[in-house]
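Since the structure comes first, as structure tokens, the remarks are kept for the end.
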Amino acid sequence: MKSAKKRLKTKCILSGVLSAFLCIACDSGEKMSLTSPDSKVAVNVYLEEGKLFYDIELDDSPVLEASPLGIMTKNSNFSKDLIFEDISELKEENQQYSLLRGKKSQVVQSYREQMFNVKNKEGKQLGVIFRVSNDGVAYAYNIKGNGEEEVLSENSGFNFPEKTTAFMAPLAKAKSGWAKTNPSYEDHYQLDIPIGTPSDYGQGWVYPALFRIGDEGWVLISETGVDCNYVATHLADDSQGGLYKVEFPHADHNLPEDPATAAVTLPFTTPWRTITIGENLNTIVESTMAQDLVTPYYSPNGDYRSGKASWSWLVYNDGHTTYKDTKEFIDLADSLDFEYCLIDAIWDTQIGRDKIEELAKYAAVKNIGLILWYNSNGNWNDAPQSPLNRMNTRDARREELAWMQKIGIKGIKVDFFGGDKQSGMQLYQDILEDANDFGIACNFHGATLPRGWDRMFPNFVTAEAVMGMEFCKFDQKNADWQPKHCTILPFVRNVVAPMDFTPVVLNSTLGEIPGTGAKRKTTAAFELALPVIFYSPVEHFGIVPDNLKQFPKYVWNYLSKVPSTWDETLLIDGYPGKDVMMARRSGKIWYVAGINGEKIAKDFSCQLPFIQKETMAQLITDKSNTNNETEIRNMSIAENGEIQISIQPYGGFVLVINTDGEN
């Protein structure tokens, strides 16, 4: 023990002299610190009675208190009886990379990284890699050794100060919900709840989870880099005292015979736990930490272009998945210069494969790509929608993908996945890798949170993993909650990954027959703002052909031109559950959009930091005292970028700004 401490102390001193690594002390209970490049974020690592902990500070104020570290395998316990062995040399890097499809196109990120190595009483070794950047902290475990091993659980946790409140969505109980399709990350968020509040179903909380540390700052907890080599985790239900522990999938996820543990080959590095930290919400929303920590797994084998899609199901249900109606929605996509048309469930029985080939040829003439829906299938759900048994086994899947490639299909939407076990992660990755072989893009619904997949897998374009627009048609309570719900998502779910919410419903009611079904509470301008507020490289809109006659040409001109991927993203204003104002740039065009999640009119006064001179813009907003009418007008923006915008209850706006001076 003495020799280990002596080696550690020597290494700490050398690191501190050579590369700004500060070691307060290396004896038990005293801390080693690693700071961000701007010196504002610091993580402290230390042992207490043989147990490994860390805490995090932002500008010397605690955002995480003593939080446990450790991992348990079948053959080793790294949660107790630990001693420090050594620390790796400090790695400092200025990371630069391009995102094929993202909320920004070019990422520049500086970080510092170091591995803290411990061993247990049997002499087995574990490294904990910490990476600290200006927007937070991430860590992963490096299990040393050789051969096969089974990871049973983690001792990882996030211990928040008492004053913290949380914005979190509960994990649903497996095999619950319609046709036993849960868990699918489709629940409403709890807002500003005290830490330690039990989850709704006793199953825990999903990632990402947002925490407000009083007036000191904000923290977003998630994970990234999950693939077929590990499980996807969540936050455990038991969070007494504000300590949220990382928990593996429950036994009833996926198939019951599938292990809830992870089979790995040593040496092995786990996925990253991510802790995004900011004094304000801008740092949280604009962060690319989920992408920064991963790299592409393979090269794209197709032209996986971003774009917008027409889609009949959201308003018209299964009965309109027919040859005739699909042609109308291909024509709708063509008239709006959309890139895609999605053909939803039971196309195989109501249209048939021969007619799908005809539709693919018809769409190709118009430069419209078709996307086909599939059931993920397997005994993890009872959903009857077909095509069935085409995505869950390799031979059937590759036969189907080869057929799609032959007739020119561009993408698949695969639905109803069964949980977060390693077997589930294997299925996602198998679908992605096989689809890439045939140049097919992938969209996952009824699915888990994508964890870095938009960079890891070039043909992954979007995923649901959210209580999306479809729930508003099922229940008036969900429609009533939609305005508030939409103002939460940019601060939590949509931060870490693209989100297929399926927005922009312009019918006043959500039933198939006009005037029936749940009543939409949002205004038309609120709906038009959502393609800017939300980020999804392929965006499926809920508009129908009749809407073309109900709204003026400028509405369709805007929807035709609004991008689905961006060069830059900025949060301008907002608070989860109340309102949000986002600015996104594509080329030289800025789109600024805002939505009001509350039933009160609001006046916003804010500054657009990218405005450098007096500029003209076009403003689309709600017509006063109406729910489904809009108006457009020119707006002058002063050279200091200040704007004043009024938004009616549950309303919104879009501001289109050409920084070259043309609109």
Side-chain angles (χ1 to χ4, degrees), residues 179 181 228 254-255 297-298 300-305 309 311-313 318 321-323 326 329-330 339-364 368-418 423-448 450 453 457-464 500 538 540:
T181 53
C228 65
N254 305 102
L255 296 176
Y297 278 29
Y298 47 74
N301 195 34
D303 179 18
Y304 306 123
R305 59 177 175 161
W311 179 42
S312 67
W313 183 89
D318 291 341
T321 306
T322 64
Y323 182 85
T326 299
F329 276 84
I330 293 172
E339 290 79 6
Y340 297 104
C341 176
L342 168 63
I343 307 177
D344 217 274
I346 59 177
W347 58 262
D348 57 326
T349 59
Q350 295 188 171
I351 298 176
R353 290 177 180 270
D354 291 344
K355 290 293 186 180
I356 287 291
E357 293 189 28
E358 287 185 21
L359 288 170
K361 292 176 183 177
Y362 180 77
I368 305 296
L370 295 187
I371 302 168
L372 297 181
W373 184 96
Y374 283 85
N375 195 325
S376 76
N377 241 70
N379 295 330
W380 46 81
N381 75 68
D382 292 339
Q385 281 85 351
S386 60
L388 301 170
N389 301 313
R390 303 306 294 167
M391 286 293 139
N392 56 317
T393 61
R394 186 176 188 272
D395 289 346
R397 182 169 56 241
R398 292 185 69 86
E399 180 181 60
E400 197 77 3
L401 290 164
W403 169 73
M404 283 187 268
Q405 183 186 50
K406 178 182 176 182
I407 69 171
I409 300 299
K410 299 301 181 183
I412 52 176
K413 172 185 173 182
V414 188
D415 212 336
F416 307 138
F417 290 85
S423 60
M425 301 304 108
Q426 182 75 61
L427 179 60
Y428 287 114
Q429 187 164 338
D430 286 347
I431 293 172
L432 284 160
E433 290 180 346
D434 285 344
N436 185 62
D437 286 345
F438 295 93
I440 304 293
C442 296
N443 171 14
F444 296 134
H445 269 233
T448 193
W453 298 351
F457 305 108
N459 59 323
F460 169 80
V461 292
T462 193
E464 190 178 31
D500 196 18
V538 174
H540 299 87

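- A salt bridge links Arg398 with Asp437: the closest approach of a Lys/Arg side-chain nitrogen to an acidic carboxylate oxygen falls below 4.0 angstrom.
- Lys410 has its side chain out of reach of Met404: every pair of non-hydrogen atoms, C-beta onward, lies at least 4.5 Å apart.
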Check the pair Glu358, Tyr323 against side chain to side chain donor-acceptor pair (under 3.5 Å), reporting the backbone distance first and the verdict last.
CA-CA 9 Å; Glu358 287 185 21; Tyr323 182 85; 3.1 Å; yes
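- Across all their heavy atoms, Trp311 and Asp344 have their closest contact at NE1-OD2, 2.9 Å.
- In this structure, Arg305 satisfies the cation-pi test against Tyr340, with its NZ or CZ atom closer than 6.0 Å to the six-membered ring centre and inside 45 degrees of the ring normal.
- Counting only distance, with no hydrogens or angles, the side chain of Trp347 and the backbone of Trp373 share a donor-acceptor pair below 3.5 Å.
- Looking at Glu400 and Arg353, a side-chain N of the basic residue comes within less than 4.0 Å of a carboxylate O on the acidic one, giving a salt bridge.
- Taking 4.5 Å as the limit, every side-chain heavy atom of Thr322 sits out of range of all side-chain heavy atoms of Thr326.
- A donor-acceptor pair is defined here as one N or O able to donate and one able to accept, closer than 3.5 Å; such a pair exists between the side chain of Asn375 and the backbone of Ala383.
- Between atom SG of residue Cys341 and atom OH of residue Tyr362 there is a gap of 10.5 Å, rounded to the nearest 0.5 Å.
- Looking at heavy atoms from C-beta onward, Trp313 lies out of side-chain contact with Ile343 at the 4.5 angstrom threshold.
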Please lay out, stage by stage, how Lys413 and Tyr374 fare under the test side chain to side chain contact (heavy atoms under 4.5 Å, CB included).
CA-CA 6 Å; Lys413 172 185 173 182; Tyr374 283 85; over 6 Å; no
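- The aromatic rings of Phe460 and Trp453 lie perpendicular to each other, with more than 60° between the two planes, well past the 30° mark.
- A donor-acceptor pair under 3.5 Å is formed between the side chain of Asn301 and the backbone N or O of Asn436.
- The two atoms that bring Gln426 and Cys228 nearest to each other are OE1-CB, 3.4 Å, heavy atoms only.
- Of the possible polar contacts, one joining the Ser376 side chain to the Asp415 backbone as a donor-acceptor pair under 3.5 Å is found.
- The distance from atom SG of Cys442 to atom OH of Tyr304, rounded to the nearest 0.5 Å, is 8.0 Å.
- Formation of a donor-acceptor pair under 3.5 Å by the Gln385 side chain with backbone atoms of Ala345 is not found in this model.
- Leu401 contributes atom CG, which lies 6.0 Å from atom CD1 of Ile440 (distance to the nearest 0.5 angstrom).
- Within 6.0 Å of CG in Asp382 there are more than 12 heavy atoms belonging to other residues, nucleotides or ligands.
- One N or O on the side chain of Gln350 and one on the backbone of Asp318 form a donor-acceptor pair closer than 3.5 Å.
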Mind running side chain to side chain donor-acceptor pair (under 3.5 Å) on Ser386 and Asp348 for me, showing each step along the way?
CA-CA 7 Å; Ser386 60; Asp348 57 326; 2.7 Å; yes
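- The backbone N or O of Leu432 lies less than 3.5 Å from a partner atom in the side chain of Asn459, making a donor-acceptor pair.
- Side-chain contact between Ile351 and Leu359 is present, with at least one heavy-atom pair separated by less than 4.5 Å.
- Between Asn443 and Asp500 there is a side-chain heavy-atom pair separated by less than 4.5 Å.
- Two residues are said to be in side-chain contact when any heavy atoms from C-beta on lie closer than 4.5 Å; Tyr428 and Thr448 meet this criterion.
- Note that CG of Leu370 and CD1 of Ile330 are 5.0 Å apart. Values are rounded to the nearest 0.5 Å.
- When side chains are defined from C-beta on, Phe444 does not count as touching Glu464, because their heavy atoms never get closer than 4.5 Å.
- Within the 4.5 Å cutoff, the side chain of Arg394 has no heavy atoms near those of the Asp430 side chain.
- To the nearest 0.5 Å, atoms CZ (Phe457) and CD1 (Ile431) are separated by 11.5 Å.
- The CG atom of Asp434 lies 13.0 Å from the CD atom of Glu399; values are rounded to the nearest 0.5 Å.
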When you look at Glu357 and Trp403, which way does the side chain to side chain donor-acceptor pair (under 3.5 Å) test go after all the steps?
CA-CA 10 Å; Glu357 293 189 28; Trp403 169 73; 3.2 Å; yes
